[in-house]
Amino acid sequence: MIQADHVTVCYRMPHDRIQSIKEYLVALIKRKLQYEEFYALRDVSFEIRKGEVVGLIGDNGAGKSTLLKVISGILKPAEGSVSLQGNVVPMLELGSGFDYDLTGRENIFLNGAILGYSEAFLKEKYDEIVAFSELAEFIDIPVRNYSSGMIMRLAFSIASMVSPDILIVDEILAVGDASFQEKSYARMTELMSHGTTVLLVSHNIEQIRRLCDRVIWLDHGRVVAVGDTQEICDRYANKG
Amino acid sequence: MKNKALRICAAILAVYLLLGVAFYFVAGDSLRLTKGSNETVTPKAPLAELAQGDIISQTFRCNYDELESLTVIVGTMGRQNTDMIKAQLFDSENHELTKPVYIYTADLKDNQAYVIAFESAIENVKGERLTLTLTSLNGIIGNSISFYYGTSVDVDTGRVTVPGEIRDTDALFFNGERKVDSEKNPCYLCLTVKGTNYHWFGSHYWIVYAAGALLLALYLLYLSLCYRKQKYGHLLAFLLSLKKYNFLIRQLVARDFKTKYKRSVLGMLWSFLNPLLTMSIQYVVFSTIFQSTIPNFVVYLLSGIICFNFFNEASSMCLVSIVGNATLINKVYVPKYIYPFSRTLSSCINLLLSLIPLLIMMLITQTPITPAILLLPFALIMLFLVSYGVGLILASMMVFFRDTQFLWGIFSMLLMYLTPIFYPENIIPSRFLAIYRLNPLYQVITFVRTLLIDGISPSPMAYLTCLLTCLVPFAIGVLVFRKTEDKFVLNI
């Protein structure tokens with residue numbers, strides 16, 4: 001389903017971030033245009049079968065988010081390749097696709113379109129999304145008038161109304177008040193148990209243990225271990 | 001699937017065939033020929049009166065395929081004369097080209113522009129050096145006329161200017177003697193050459209049309225073969241992604257449009273008002289303070305403003321389209337061209353809306369609306385391409401250098417002055433014209449003005465220059481964007 005083959009991602013970072021032509025020219029003249037090669041991923045290979053829920057663990061800067069970017073096609077690897085079948089839907093950082101001047105209704109369609117939903121699918125699921133978000137009475141007012149909790153609820157409702165082949169989750173999304181958190185957590189687990197291939201990044205090892213079939217452990221851009229959830233989680237927890 | 005592809009191909013071909021025929025009839029005569037006339041030297045004074053047997057001769061180079069008529073300015077000394085003048089036209093080997101024309105001086109008024117119309121148009125004279133002679137048949141001093149001449153020295157500027165059809169060496173001869181003025185400047189007869197140029201494209205239109213159809217059919221065949229083999233080239237991949245993301249594009253365009261005037265009282269009305277108000281201000285400034293003498297100045301101004309505003313808006317919106325959507329680009333895979341593309345499309349809606357006040361102003365100023373207006377989509381498509389192309393370049397530059405936005409602010413102002421929006425084209429010195437005309441906006445705006453103000457189709461050459469000047473920035477934009485888009489994520 002997803003096959004990563006010797007994936008290497010290398011950022012060529014100039015010492016100072018050069019953002020203007022002047023800085024660039026100055027650096028060029030001073031011959032200070034040195035780059036630091038930074039390997040975010042180095043020779044990463046693995047295979048994920050259809051319907052598996054796979055956890056990605058590792059410390060900060062291990063390359064987890066970079067790997068997700070490569071899989072969702074946002075970032076092209078410098079070497080190696082990723083092949084996958086089916087459509088990939090990312091769980092967006094909540095609300096990042098919202099336009100605050102538009103109404104809730106308009107944002108459902110806009111955000112849905114960004115996530116790659118089809119028009120027919122959105123129209124069909126529209127009522128369900130509104131019902132889940134519990135925002136029916138506010139749906140026709142601009143989002144800028146929403147409270148942050150309401151925005152989170154709407155965003156989650158849109159993002160979780162998917163039936164993708166591959167779902168990419170960067171941290172489990174539990175938002176809103178206690179009852180909505182419970183509801184959203186239930187929704188996430190339901191989504192994952194529906195035969196969807198899931199890639200889950202989390203710092204919460206307990207969550208990984210509960211939800212994942214297998215785990216990939218990354219460290220400094222390299223795969224440390226791939227395999228059984230409990231075993232690798234134990235090793236990760238005890239690494240010191 | 002196969003049937004559907006076949007149907008699409010047939011539809012495209014049918015549209016081409018239909019448009020080709022429609023174009024032929026809408027464009028009409030402009031496609032085959034351009035009528036024109038050469039300017040003359042500024043009249044200075046009349047020559048001496050012509051007595052019997054006196055001959056004036058002036059050689060000039062004909063810039064037309066077909067010479068229609070020559071216009072001279074006569075001086076009758078304010079009286080009625082009874083002389084008769086014989087006008088003859090010779091080619092460079094002194095063969096008479098046509099039957100002589102006799103001018104009855106009794107009918108002439110002083111300072112009248114007299115059209116020497118030959119029996120029939122004289123064909124195949126392009127580039128030939130022709131000589132006009134005017135002979136008095138029975139003139140007596142006191143009962144004869146003369147003709148106006150001018151010098152090549154412009155009275156106002158003191159510069160030497162000779163109209164294109166007369167060479168420096170072609171002086172005016174009076175009885176075989178070279179005429180010079182008191183400062184020894186050579187003199188020329190005030191002579192306007194009127195003629196017709198035929199276009200290769202127009203006379204071979206149906207051949208080109210058929211060849212185009214054949215090429216299109218072959219290309220469609222090639223594309224459908226690629227499609228079946230699932231080998232998508234650039235174009236096919238682009239079309240498929242357009243189909244796939246058309247819902248997203250529509251949503252993004254709707255978003256731009258809704259949010260643009262969302263919190264303003266007049267809302268969409270601003271799309272009409274904005275060009276109208278700009279036009280009013282510039283109209284007042286340029287027609288009263290600068291005394292502009294451009295005919296139909298209202299439509300002239302408005303068409304320029306609308307085209308330039310579209311370009312400016314689209315390219316500035318494209319500029320921030322990648323940087324402004326950084327969070328999305330970092331999270332979701334969407335082909336990146338979608339962002340500038342949707343921005344250009346939403347400016348298009350604005351452009352189409354602002355065409356309405358233009359039409360209204362045309363009706364108010366009683367500019368005749370001719371079928372040529374149907375050719376407007378060509379100009380608009382070209383305008384779209386050049387704006388999108390420049391937008392692509394700016395969007396990718398902006399990712400790497402944030403200075404782009406400030407540079408562009410200055411550059412677009414420069415471009416505004418380099419485009420004839422509120423001034424006539426003829427104030428540009430002719431030695432800069434070649435460079436000046438490389439500006440795609442110049443091409444588009446003059447194209448639109450020919451359609452709307454003159455009410456005719458531009459000449460085939462204008463189509464070609466418009467197409468080329470617009471396609472070049474577009475192609476560069478696409479190349480730059482494709483080359484850099486993979487690095488965007490690392491830099492925003």
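In what follows, chains carry the letters A, B, and so on, assigned in the order in which the sequence lines appear, proteins first and then strands, with residues in each chain numbered from 1.
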From B:Lys258 atom NZ to A:Asp101 atom CG, the distance as rounded to the nearest 0.5 Å: 12.0 Å
Pairwise distance CG(A:Asp99) to CZ(B:Arg255) - rounded to 0.5 angstrom: 5.0 Å
Shortest non-hydrogen contact between A:Ile114 and B:Val332, atoms and distance: O-CG1, 3.4 Å
Shortest non-hydrogen separation from A:Ile74 to B:Lys336 and the atoms involved: O-NZ, 4.3 Å
Part of A:Ser118 lying under 4.5 Å from any heavy atom of chain B: backbone
Region of A:Leu68 in contact with chain B, defined by heavy-atom distances below 4.5 Å: neither
Residue B:Asn330 versus chain A: region with a heavy atom under 4.5 Å: both
Under 4.5 Å from a heavy atom of chain A, the part of B:Ile338 involved: neither
Within the supplied structure, the quantity of interest is the number of heavy atoms (other residues, nucleotides, ligands) at a distance under 6.0 Å from [X] [atom1]; does it exceed 12?
| X | atom1 | answer |
| --- | --- | --- |
| B:Tyr222 | OH | no |
| A:His203 | NE2 | yes |
| B:Ile410 | CD1 | no |

Closest-packed option against chain B by number of heavy-atom pairs under 4.5 Å, given A:Lys69, A:Glu106, A:Glu119: A:Glu119
Interface residues of residues 245-253 of chain B facing chain A - heavy atom cut-off under 4.5 Å: B:Phe247, B:Leu248, B:Arg250, B:Gln251, B:Leu252
